[in-house]
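Written below as structure tokens is the structure these notes are about.
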Amino acid sequence: ARSEGRRRQGDDDDDDDEGNRGGENKDEDEVKEDHFVSAEEKEESLSSSEEVPAPPQPHGDPSDEEDAPRSNVVNANAPKLTKVGYRTEPPMDVLETMTDRELASVHAFAVVRPGYGRVDWLGRVDLRNVDLDKDVRICERTGPPSVEVYDDDDQGANPPYGAKLNREAKITLERVGPTSNRPTPRELANFERRVKLSVREIGATHIDYNPNSRIWVFQIQRFV
């Protein structure tokens with residue numbers, strides 16, 4: 001009986017030891033966990049208290065003028081057009097605010113006189129300091145519809161071939177037809193033959209003539 005009691009007491013002691021060891025391990029885990037949480041909180045606190053400088057704002061390429069907002073200031077080198085009844089493509093208010101670099105290479109440029117005709121230049125055109133009032137005339141003379149670019153009598157002042165407006169262009173003329181109000185089919189056919197012949201005489205290329213709309217389209221390599 002005493003031996004059994006000792007065993008029970010020994011068992012109780014062993015249980016107490018295991019319980020103590022378990023308590024110690026639990027305390028160590030809690031300390032580690034507390035230490036881990038404290039470090040995490042400390043790192044979060046440090047990161048939130050630090051001020052992150054704002055990234056530098058890009059200044060852009062000053063030479064990239066096309067991406068910059070267009071100025072309302074009129075470029076002194078822009079082309080001039082004040083004649084009533086004329087307009088340009090692109091419009092004059094756009095051309096006037098272009099930079100010199102843009103004016104030196106204008107794409108799809110045209111001078112239009114609605115109801116009379118138009119000139120569409122092919123390729124890019126240098127429009128710096130171009131006087132459209134003086135240099136382009138669409139149906140301004142009496143007689144058959146015509147287009148004049150530069151003055152044939154002032155050859156010394158005209159630009160060479162390929163420069164400014166003296167380059168390849170497509171010309172459209174309106175109101176081109178027989179003088180008769182009701183021309184016969186024969187008269188229309190004769191007039192169309194004369195139109196094609198006149199194109200060859202000036203070294204141009206005939207594109208189209210519509211006797212019903214009386215619109216004539218041809219292409220020219222140069223003006224002077």
Side-chain angles (χ1 to χ4, degrees), residues 66 77-98 100-155 157-179 183 188-224:
E66 295 181 359
N77 297 324
K80 175 186 175 184
L81 179 62
T82 61
K83 288 191 292 190
V84 177
Y86 281 79
R87 63 178 175 84
T88 61
E89 298 176 2
M92 282 299 298
D93 58 349
V94 174
L95 294 173
E96 288 173 346
T97 56
M98 283 185 175
D100 283 350
R101 188 180 70 172
E102 292 170 331
L103 286 172
S105 183
V106 178
H107 177 64
F109 175 67
V111 175
V112 185
R113 189 183 181 194
Y116 294 90
R118 61 184 291 147
V119 183
D120 291 83
W121 278 267
L122 307 181
R124 295 184 177 273
V125 184
D126 181 1
L127 295 179
R128 291 173 296 179
N129 300 304
V130 171
D131 187 350
L132 298 173
D133 285 335
K134 174 177 175 289
D135 295 337
V136 181
R137 299 174 295 280
I138 301 175
C139 300
E140 292 187 7
R141 295 180 184 270
T142 57
S146 64
V147 166
E148 298 171 281
V149 177
Y150 298 122
D151 191 346
D152 291 338
D153 298 331
D154 194 9
Q155 291 291 337
N158 293 331
Y161 169 63
K164 301 296 184 180
L165 304 179
N166 192 21
R167 54 187 302 123
E168 189 175 11
K170 183 177 72 173
I171 297 174
T172 302
L173 289 174
E174 303 179 31
R175 308 180 184 184
V176 179
T179 55
L188 290 175
N190 289 336
F191 188 86
E192 186 171 359
R193 279 195 295 270
R194 289 166 50 197
V195 164
K196 293 179 179 179
L197 179 61
S198 64
V199 167
R200 289 196 296 268
E201 289 176 350
I202 62 176
T205 302
H206 176 76
I207 296 178
D208 183 57
Y209 174 71
N210 188 325
N212 296 318
S213 63
R214 300 174 53 161
I215 293 178
W216 178 25
V217 184
F218 59 96
Q219 187 169 316
I220 194 168
Q221 291 295 319
R222 60 189 298 172
F223 289 96
V224 291

Quick check: do [X] and [Y] have side-chain heavy atoms less than 4.5 Å from each other?
X: Arg87; Y: Pro114; answer: yes
X: Phe223; Y: Leu165; answer: no
X: Val106; Y: Met98; answer: yes
X: Trp121; Y: Arg167; answer: yes
X: Lys164; Y: Asp135; answer: no

Under 3.5 Å: donor-acceptor pair, side chain of [X], backbone of [Y]:
X: Ser105; Y: Glu102; answer: no
X: Arg175; Y: Gly115; answer: yes
X: Lys83; Y: Asp133; answer: yes

From CA spacing to verdict: salt bridge (charged side-chain N to carboxylate O under 4.0 Å, His left out), Arg141, Glu148:
CA-CA 10 Å; Arg141 295 180 184 270; Glu148 298 171 281; 2.7 Å; yes
Gap separating the [atom1] atom of [X] from the [atom2] atom of [Y], nearest 0.5 angstrom:
X: Ile220; Y: Asn166; atom1: CD1; atom2: CG; result: 9.0 Å
X: Ile215; Y: Ile207; atom1: CD1; atom2: CD1; result: 13.0 Å
X: Asp151; Y: Lys134; atom1: CG; atom2: NZ; result: 6.5 Å
X: Tyr116; Y: Leu173; atom1: OH; atom2: CG; result: 12.5 Å
X: Leu188; Y: Asn212; atom1: CG; atom2: CG; result: 7.5 Å
X: His107; Y: Arg124; atom1: NE2; atom2: CZ; result: 6.0 Å

To check you understand the geometry: which heavy-atom pair defines the closest contact between [X] and [Y], and what is its length?
X: His206; Y: Trp216; result: ND1-NE1, 3.5 Å
X: Val224; Y: Pro159; result: CG2-O, 4.3 Å
X: Ala110; Y: Asp120; result: CB-OD2, 3.4 Å
X: Ala169; Y: Val119; result: CB-CG1, 3.9 Å
X: Val176; Y: Tyr209; result: O-OH, 2.7 Å
X: Met92; Y: Pro79; result: CE-O, 3.2 Å

Checking Val147, Ile202, Val195 against Phe218 for side-chain contact (heavy atoms from CB on, under 4.5 Å), the one that qualifies is Ile202
Checking Val136, Thr88, Leu95 against Leu81 for side-chain contact (heavy atoms from CB on, under 4.5 Å), the one that qualifies is Thr88
Review point. Would you call Glu89 and Arg118 a salt bridge, taking side-chain N to carboxylate O under 4.0 Å as the test?
Key: yes
